[in-house]
Amino acid sequence: MMRPKGTRDVFGEELSALRRVEMTVRGLFEKYSFEEVETPMFENFELFEKKSGATVIDQIYAFKDKSGNMLALRPEITPSAIRFYINQLKSAPQPVKLCYFGSCFRYEEPQSQRWRQFTQAGVEILGSDRPEADVEVMALVVETMQKLGLRDFDLRVGHVGVLRKLLEHAGVGDDSQDPLLRAIDRKDEERIDAEIERARLNLTDQKILLELINSKGESSILENVRRITKGVPGVEKDFENLSDISEGLQAIGAKFNFDFGIARGLGYYTGAVFEVYVDKVQVVGGGRYDGLVELLGGKPCPAVGVGFGIDRLARVLVSRGKVEYPGGPDFMVIPVAPEIVGECLKIVKELRDAGLRADVELMGRKLTKALASADSRNVKKVIVVGQKDLEQGEVTIRDMKTGEQTKLPRKDLAKKISGTA
RNA sequence: CCGGUCGUAGCUCAAGAGCAGAGCGCCAGACCGUGGAUCUGGAAGGUCCGGGUGCAAAUCCCGGCGGCCGGACCA
């Protein structure tokens, strides 16, 4: 039996990395006082239909249940979180800070770092349109990366509002913006040129656009970008916003770069957007989407959020050898003769009751083989239980690393061991 | 949806029309109250699936499926 295409069985070191990322992220969500919500893994199809274009809908696992309802496996969790907010929390004290965790599904061709089932974690701040909310989300991201030991991450901040307003000003209508923005997001110069051609930008606007999307670097570039786009109506406010965000990030000592070439897909983003890269792989993405709550049927509500690619983060940890994989048990109890098995079962139970990670020989191996086997499983200490020792009221404990052996009294064994180990 | 590449034992790979093999791992014995070594033995594969050509197919042909890598797309 084979796995369905694009799925994985995660085991061993990789699973250990995955758990570590989950634990780290969950811990920080709590510390930042986001409240967790667990939403269903499938939703009514229309929840995802509303905010997505045709190509995106193509990639949704959709199905009819036995009563004919159109359902879909969630391709992301943000819509569910917002549905929940609209259903139950819209009159809760603002802002509402939600976080979530779970598997998502997309019908895509699998390739490097891309599977049909993957784990996403994320947060949403609902109700605040202020730059400090954007900063809060980015601060969480920065701290997460640091806690995971990935200090060389690259945080890039852009702004889709500026991009869209510039295009609007240049006479590119909503519908024609998307292909151009896609090209920009891909950073493919040939495509960008072709799309500029197609959008019929005049020379001045072309120059402004190209200069804008090639503006990358520290906060000092902001002034220049601001100057370039001077004539574009409405962007002044966006730059105020970016400059506030920039100050906020500097206040918390976060390293980041502006990159006005970030378009973050096309979905629902309206303001500042950001991405985090490690080793050229995008592991985190987020931004402001002030229109989504309304789109999903709620009252207008500003929102900012982020999604973490948990599997990708785990991959990075594995590839950098940062995963501690807890080999075998700390203790292995081995009987010297078959008659002593019962006593061994008793001992291992005592050890476990004392909270120790203990195992017992289950294959009926002779002592020699049992020791070899314990060693190959990275057991730290072996407790050899034999008739002679028991007659003296003792057992033998052997350190598998050093080979050093000592005898310990059988009575209160677990207590003695947990004291010394 | 498109392209490259690969698919034989749990793992890494041989055999390239003529009895399906090795190394590692696993189990056991030699030794049986002290490990990693060595030696010996054992279990484990109808060669990804389905068709076709041949006396004969893991091997050649066609079609699927799957892995890895990339393109399109990426909420």
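Each chain gets a letter, A, B and so on, in the order its sequence line appears, and its residues count up from 1. Here the structure is a predicted model, which is why all the values come from computation and not from measurement.
In this structure, Asp389(A) places its CG atom 11 Å from C1' of U34(B), rounding to the nearest Å. When the C1' atom of G4(B) is taken as reference, atom CD of Glu109(A) falls 14 Å away, rounded to whole Å. For Ile57(A) and C74(B), the CD1 to C1' distance is 14 Å, given to the nearest whole Å. The distance from atom NZ of Lys280(A) to atom P of G70(B) is 14 Å, rounded to the nearest whole Å. Nucleotide G33(B) holds its P atom 15 Å from the CD atom of Glu361(A), rounded to whole Å. Glu76(A) places its CD atom 9 Å from the P atom of A75(B), with the value rounded to the nearest Å.
For the P atoms, the distance from U40(B) to G25(B) is 15 Å, rounded to whole Å. Taking the P atom of each, A17(B) and C60(B) are spaced 7 Å apart, rounded to whole Å. For the C1' atoms, the distance from C24(B) to A37(B) is 16 Å, rounded to whole Å. A gap of 11 Å separates the P atoms of A58(B) and C49(B), to the nearest Å.
Which of U34(B), C27(B), A75(B) sits closest to the side chain of Tyr268(A) comes down to A75(B). In the set G67(B), G33(B), G71(B), the nucleotide with an atom closest to the side chain of Lys5(A) is G67(B). Side chain of Glu108(A), nearest nucleotide from C73(B), G36(B), G33(B): C73(B). Here U34(B) is the nucleotide among U34(B), A72(B), A75(B) with the atom lying nearest to any side-chain atom of Leu367(A).
As judged by a 4.0 angstrom heavy-atom cut-off over every strand, Gly305(A) is placed among residues making no nucleic acid contact. Residue-level contact check: Ser373(A) touches neither bases nor backbone, having no heavy atom under 4.0 Å from any strand. Residue Asp185(A) is out of contact with every strand shown, counting any heavy-atom pair closer than 4.0 Å. If you check every strand for non-hydrogen atoms under 4.0 Å, Arg186(A) touches a base. Nucleic acid contact class of Gly403(A) (heavy atoms, under 4.0 Å, all strands): base. Arg106(A) comes within 4.0 angstrom of a base, heavy atoms only.
With a glycosidic angle no more than 90° from 0, G54(B) adopts the syn conformation. Glycosidic conformation of G46(B): syn, with the torsion inside 90° of 0.
A cation-pi arrangement is found for Arg26(A) relative to Phe101(A), the charged atom lying closer than 6.0 Å to the ring centre and inside a 45° cone about the ring normal.
The existence of a salt bridge linking Glu361(A) and Lys369(A) is excluded, since no basic side-chain nitrogen approaches an acidic carboxylate oxygen closer than 4.0 Å. Using a 4.0 Å cut-off between a side-chain N of Lys or Arg and a carboxylate O of Asp or Glu, Asp129(A) and Arg288(A) do not qualify as a salt bridge.
Side chain of Asn214(A) to main chain of Leu210(A): a donor-acceptor pair is present (N/O by atom type, distance under 3.5 Å, no hydrogens or angles). For the pair Thr24(A) (side chain) and Arg20(A) (backbone), a donor-acceptor distance under 3.5 Å is present.
In this model, the phosphate group of A28(B) is not approached by any side-chain N or O of Lys366(A) to a distance below 4.0 Å at OP1 or OP2.
Between Gln387(A) and Ile340(A), the shortest heavy-atom distance links the atoms N-CD1, 3.3 Å.
With 3.5 Å as the limit, one finds a donor-acceptor pair spanning the side chains of Tyr277(A) and Glu275(A).
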*Just do the salt bridge (Lys or Arg N to Asp or Glu O under 4.0 Å) check on Glu195(A) and Arg198(A) with the steps written out, would you?*
CA-CA 5 Å; Glu195(A) 289 299 338; Arg198(A) 191 194 311 242; 3.4 Å; yes

*Carefully, step by step, assess Asp353(A) and Lys415(A) under the rule salt bridge (Lys or Arg N to Asp or Glu O under 4.0 Å).*
CA-CA 10 Å; Asp353(A) 285 347; Lys415(A) 203 187 288 177; over 6 Å; no

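The shortest distance between side-chain heavy atoms of Glu108(A) and Arg114(A) falls below 4.5 Å.
Counting only Watson-Crick and G-U wobble pairs whose two distances sit under 3.5 Å, RNA chain B takes part in these stems of three or more pairs: B:1-7 with B:65-71, B:10-13 with B:21-24, B:26-30 with B:38-42, B:48-52 with B:60-64.
With sequence neighbours excluded, the residues satisfying salt bridge (Lys or Arg N to Asp or Glu O under 4.0 Å) with Asp359(A) are Arg352(A), Arg377(A).
Gln59(A) contributes a side-chain N or O that forms a donor-acceptor pair with the base of A75(B) under 3.5 Å. In the interface, the side chain of Arg114(A) is paired with the base of C74(B) through a donor and an acceptor atom under 3.5 Å apart.
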Review item, nucleotides 38-46 of chain B N/O atoms under 3.5 Å of protein N/O:
none

